[in-house]
**Q** 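Before we start, here is the structure in question, set down as structure tokens.
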Amino acid sequence: MTTWHWVRHGPTHEKTFVGWRDVPADLSDRARIARLSAFLPERALVVSSDLIRSITTADALEMPGHRRLPHRHDLRELNFGDWDGKHFTEVAATDPDLSRAYWETPGDVAPPGGESWNAAADRVGKAVDALNASHPDAHIIAVAHFGVILTQVQRAMGVTANAAMAHKIDNLSVTELHYEAETWQLRRINHCP
């Protein structure tokens, strides 16, 4: 069995869409990071997206028994394209129907210059499959993003994207998934140690 410990990166305090823009995480809450690190397995592989907010969060959680894997471009957040860096109200004003459809009926709807939910889920799913194949029976701490984690919640639960997006994923939370014999199980979601 491979156990995935999905960790959402530290907060960015951004008030706009943040997808592939590289913004830093606030990792100043040392007590919370210490609790999270103590909760995670002592012996594990650690992988993160290649965005700085995930890399530095993974750095803050590393322990001597961890083995770091290369950062992965395919574990990046949803690609919001032209919406990245814009406030939600600006996006709603310029693309009212498209932005409503993107959030209310996630699937094949994509922002201008960005990717759809389904495209992101496919991208992340392929990365996860590759890591499962390369590291069977491992504990994997994967530091990534809200959308990335929810694509895997959707996969494990076998629900619609809309149902998956109803779940909250806090910064510095853990979502635990188990993979065995081509079957996924959701063990915990949005646990904040």
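This is a predicted model, so every value here is computed, not measured.
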**Q** Is it the case that one hydrophobic cluster holds both I169 and L27, taking links as side-chain heavy atoms less than 4.5 Å apart, direct or via other members?
**A** no
**Q** Please answer: with hydrophobic residues joined when any side-chain heavy atoms are less than 4.5 Å apart, are V23 and V7 in the same cluster?
**A** no
**Q** Is the shortest side-chain heavy-atom distance between I141 and H66 below 4.5 Å?
**A** yes
**Q** Could you tell me whether D59 and R68 have a side-chain N and a carboxylate O separated by less than 4.0 Å?
**A** yes
**Q** Between A44 and P41, what is the shortest heavy-atom contact and its length?
**A** CB-CG, 4.0 Å
**Q** Set out, in order, the CA-CA distance, both residues' side-chain angles and the distance that settles salt bridge (Lys or Arg N to Asp or Glu O under 4.0 Å) for K86 and D84, then state yes or no.
**A** CA-CA 6 Å; K86 294 182 179 176; D84 210 334; over 6 Å; no
**Q** Check whether any side-chain heavy atom of V91 lies under 4.5 Å from a side-chain heavy atom of L98, and answer yes or no.
**A** no
**Q** Using modelled atom types only, decide if a donor and an acceptor are shared between the side chain of N162 and the backbone of T105 within a distance under 3.5 Å.
**A** no
**Q** OG of S116 to CG of D108: how many Å apart, nearest 0.5 Å?
**A** 5.5 Å
**Q** Run L150 and F146 through side-chain contact (heavy atoms from CB on, under 4.5 Å) and show every step you take.
**A** CA-CA 6 Å; L150 285 180; F146 172 81; 3.3 Å; yes
**Q** For R76, is there an ion pair with D50 - N to carboxylate O distance below 4.0 angstrom?
**A** yes
**Q** If you apply the rule side-chain contact (heavy atoms from CB on, under 4.5 Å), what do you find for K168 with D170, and how did you get there?
**A** CA-CA 6 Å; K168 186 175 184 182; D170 289 312; 2.9 Å; yes
**Q** For the residue pair A163 and H167, what are the closest heavy atoms and their distance?
**A** O-CD2, 3.6 Å
**Q** Does the side chain of W184 come within less than 4.5 Å of W4's, by heavy atoms?
**A** yes
**Q** Could you grab the distance from atom NE2 of H9 to atom CD1 of I55, nearest 0.5 Å is fine?
**A** 12.0 Å
**Q** Would you please indicate yes or no on a ring centroid separation below 6.0 angstrom for H5 and F39?
**A** no
**Q** Report yes if the side chains of S37 and M63 come closer than 4.5 Å at any heavy-atom pair, otherwise no.
**A** yes
**Q** Quick one: closest heavy-atom pair of R123 and D74, and the distance?
**A** NH1-O, 3.1 Å
**Q** Report yes if the distance between the aromatic ring centroids of W6 and H145 is under 6.0 Å, otherwise no.
**A** no
**Q** For the pair T57 (side chain) and G10 (backbone), establish whether a donor and an acceptor sit closer than 3.5 Å, ignoring hydrogens and angles.
**A** yes
**Q** Distance alone, cut at 3.5 Å: any donor-acceptor contact between the side chains of H13 and D26?
**A** yes
**Q** With clusters defined by side-chain heavy atoms of hydrophobic residues (ILVMFWY) lying less than 4.5 Å apart, directly or transitively, does V124 cluster with I189?
**A** yes
**Q** Can you tell whether the side chains of R21 and E77 come within less than 4.0 Å, N to carboxylate O?
**A** no
**Q** Has the side chain of R35 got a donor or acceptor atom that lies under 3.5 Å from a matching backbone atom of P193?
**A** yes
**Q** In this structure, would L36 and V46 fall into the same cluster of hydrophobic residues linked by side-chain contacts under 4.5 Å?
**A** yes
**Q** What are the two closest non-hydrogen atoms of M165 and P106, and how far apart are they?
**A** SD-CG, 3.6 Å
**Q** Where do P112 and D95 come nearest, in terms of heavy atoms and distance?
**A** CG-OD2, 4.0 Å
**Q** Do N190 and S173 have a side chain donor and acceptor closer than 3.5 Å?
**A** yes
**Q** Any donor-acceptor pair under 3.5 Å linking the side-chain atoms of H178 with those of E180?
**A** no
**Q** Within a radius of less than 6.0 Å around CD of E14, do more than 12 heavy atoms belonging to other residues, nucleotides or ligands occur?
**A** yes
**Q** Nearest 0.5 Å please: distance from the CD atom of Q185 over to the OG1 atom of T3.
**A** 10.0 Å
**Q** Roughly how far, to the nearest 0.5 Å, is the CG atom of D97 from the CZ atom of R100?
**A** 6.5 Å
**Q** Quiz question: by atom type and distance under 3.5 Å, do the side chains of S49 and S54 form a donor-acceptor pair?
**A** yes
**Q** How far does CD1 of I52 sit from CG of D22, to the nearest 0.5 angstrom?
**A** 6.0 Å
**Q** Compare all side-chain heavy atoms of T151 with those of W117 and state whether any distance is below 4.5 angstrom.
**A** yes
**Q** Indicate yes or no for a side-chain donor-acceptor contact from S48 to the backbone of H71 under 3.5 Å, with no hydrogens or angles considered.
**A** no
**Q** Counting only heavy atoms not in R188, do more than 12 sit closer than 6.0 Å to its CZ atom?
**A** yes
**Q** For V159 and A164, which heavy atoms make the closest approach, and how far apart are they?
**A** CG2-N, 3.9 Å
**Q** Less than 6.0 Å separating the ring centroids of W83 and Y102?
**A** yes
**Q** Taking side chain as C-beta onward, heavy atoms only, is R187 less than 4.5 Å from L177?
**A** no
**Q** Salt bridge or not between R155 and D129? Use side-chain N to carboxylate O under 4.0 Å.
**A** yes
**Q** Hey, are the side chains of L131 and R72 touching, using non-hydrogen atoms and a 4.5 Å cut-off?
**A** yes
**Q** Could you tell me the separation between the CG atom of L69 and the CG atom of L45, rounded to the nearest 0.5 Å?
**A** 5.0 Å
**Q** Quick one: are F17 and F88 in side-chain contact, heavy atoms under 4.5 Å?
**A** yes
**Q** Tell me whether N79 contacts the main-chain N or O of E115 through its side chain, where contact means a donor paired with an acceptor under 3.5 Å.
**A** no
**Q** Any chain of hydrophobic side-chain contacts (each under 4.5 Å) joining V143 to V174?
**A** yes
